[in-house]
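Note that this is a predicted model, so its numbers are computed, not measured.
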Amino acid sequence: MRIVIVMILILVTHYCFAAEATTVHVSVGKVSEVSFPENIAKVVKGGAADSILVEAMDSALYILPKTDTPSDIFVTGVSGRSYPLNLKVSGAHDLNVVIGGGKTAAKGYQGGINVMDVMKDVLLGHEPAGATVLKIDRKITLKDDPIELRFVAAYDFPIMSVYIIKARNLSDNIAIVPTEKIMFKGLSAITSQSDTLNPTGTDGDQTTMYMIVNK
């Protein structure tokens with residue numbers, strides 16, 4: 001059984017199809033199963049890393065909330081189509097939710113901003129439409145972690161900001177990119193191009209991270 005536990009931004013490539021969010025009623029400590037019309041390729045969750053556990057097997061996703069404020073989940077199928085899940089805490093949780101295979105339009109956000117479209121542009125190296133571009137150069141290091149984080153740019157919107165971060169391994173050993181250790185007020189999601197970094201001074205000792213912070 002393959003475990004997929006990822007914090008994140010919405011990983012959207014140029015071939016992805018965005019879908020309207022499906023509401024799943026969940027309860028703390030109880031498992032809900034969501035079935036998709038195709039096998040699962042990627043699971044991305046936003047918010048606090050410890051608010052929910054997810055486990056994927058073939059075309060089924062098992063959701064176990066650990067708090068009463070579980071983060072939303074974005075599932076990508078093997079075709080590249082995305083399936084956003086909106087988790088709503090309820091006294092009677094859904095035992096199984098079956099999602100059909102039909103296409104639906106992308107769900108919009110406040111102020112006409114579509115987070116999926118924004119992240120698609122950012123991940124492809126494009127400047128998102130309507131964003132105020134902020135050039136920043138700020139380095140931080142995490143306690144007891146060999147990774148140096150350098151904030152290099154930001155795209156600012158009325159309701160959120162998207163930060164571009166370069167992560168570099170300072171140690172002589174392979175290191176895990178510390179997405180779960182980064183905590184900011186309003187943090188919605190975070191992800192990186194690579195989950196691990198090679199030893200310093202070698203190819204693959206750096207990667208790019210993307211972070212969404214709500215205002």
Side-chain angles (χ1 to χ4, degrees), residues 6-24 36-38 40-49 70-88 99-140 149-168 177 179-180 182-195 206-215:
V6 188
M7 282 193 67
I8 274 204
L9 291 178
I10 309 161
L11 293 179
V12 182
T13 61
H14 63 283
Y15 53 82
C16 283
F17 295 103
E20 290 182 351
T22 298
T23 297
V24 180
F36 298 87
E38 60 180 322
I40 297 169
K42 193 82 173 181
V43 179
V44 178
K45 64 176 182 176
S71 59
D72 288 344
I73 297 173
F74 302 86
V75 177
T76 302
V78 292
S79 69
R81 181 174 300 163
S82 60
Y83 304 89
L85 302 181
N86 175 247
L87 305 186
K88 183 176 181 181
I99 297 178
K103 292 184 187 178
T104 56
K107 182 177 181 180
Y109 285 73
Q110 297 180 41
I113 299 173
N114 187 299
V115 176
M116 288 186 176
D117 287 342
V118 169
M119 291 315 305
K120 173 183 174 181
D121 288 338
V122 171
L123 292 171
L124 291 175
H126 302 157
E127 181 180 315
T132 299
V133 182
L134 305 177
K135 298 297 183 181
I136 54 179
D137 188 355
R138 176 190 174 195
K139 293 182 181 180
I140 63 172
L149 303 178
R150 180 183 176 191
F151 288 71
V152 297
Y155 299 105
D156 191 56
F157 295 90
I159 64 169
M160 68 178 186
S161 295
V162 181
Y163 293 92
I164 311 300
I165 307 167
K166 297 292 185 181
R168 183 165 67 96
V177 178
T179 52
E180 296 188 2
I182 299 177
M183 301 299 296
F184 280 83
K185 182 179 180 180
L187 178 64
S188 174
I190 186 170
T191 195
S192 64
Q193 291 181 341
S194 174
D195 294 329
Q206 299 186 52
T207 191
T208 302
M209 303 174 67
Y210 307 90
M211 181 172 68
I212 288 181
V213 177
N214 293 328
K215 295 182 177 180

Roughly how far apart are [X] [atom1] and [Y] [atom2], rounded to 0.5 Å?
X      : Y      : atom1 : atom2 : result
Phe36  : Leu85  : CZ    : CG    : 4.5 Å
Leu134 : Phe151 : CG    : CZ    : 13.0 Å
Met209 : Ile164 : CE    : CD1   : 11.0 Å
Met211 : Ser161 : CE    : OG    : 9.0 Å
Ile73  : Thr22  : CD1   : OG1   : 12.0 Å

- request: Measure from the side-chain N and O atoms of Asp72 to the backbone N and O of Leu87, and report whether any donor-acceptor pair falls under 3.5 Å.
  value: yes
field: Closest contact, heavy atoms only, Ala129 versus Phe157
entry: O-CE2, 3.6 Å
message: Could you report the tightest heavy-atom contact between Leu149 and Ala167, atom names first, then the distance?
response: CD2-CB, 3.7 Å
query: Does the side chain of Tyr210 come within less than 4.5 Å of Ile165's, by heavy atoms?
result: no
query: Do Lys166 and Thr208 come close enough that some side-chain heavy atom pair is under 4.5 Å?
result: yes
query: Quick one: side-chain contact (heavy atoms from CB on, under 4.5 Å) partners of Thr23, sequence neighbours excluded?
result: His25, Asn86, Lys88
task: With sequence neighbours left out, write down each residue that passes side-chain contact (heavy atoms from CB on, under 4.5 Å) with Glu38, or none if nothing qualifies.
output: Val78, Ser79, Arg81, Tyr83
- request: Could you please spell out the steps behind the side-chain contact (heavy atoms from CB on, under 4.5 Å) verdict for Val44 and Thr76?
  value: CA-CA 8 Å; Val44 178; Thr76 302; 5.7 Å; no
Pair listing, side-chain hydrogen bond (donor to acceptor under 3.5 Å, both in side chains) test, anchored in residues 127-138, at least two apart: Asp137-Arg150
- request: Using side-chain hydrogen bond (donor to acceptor under 3.5 Å, both in side chains) as the criterion, list what pairs up with Thr207, not counting sequence neighbours.
  value: none
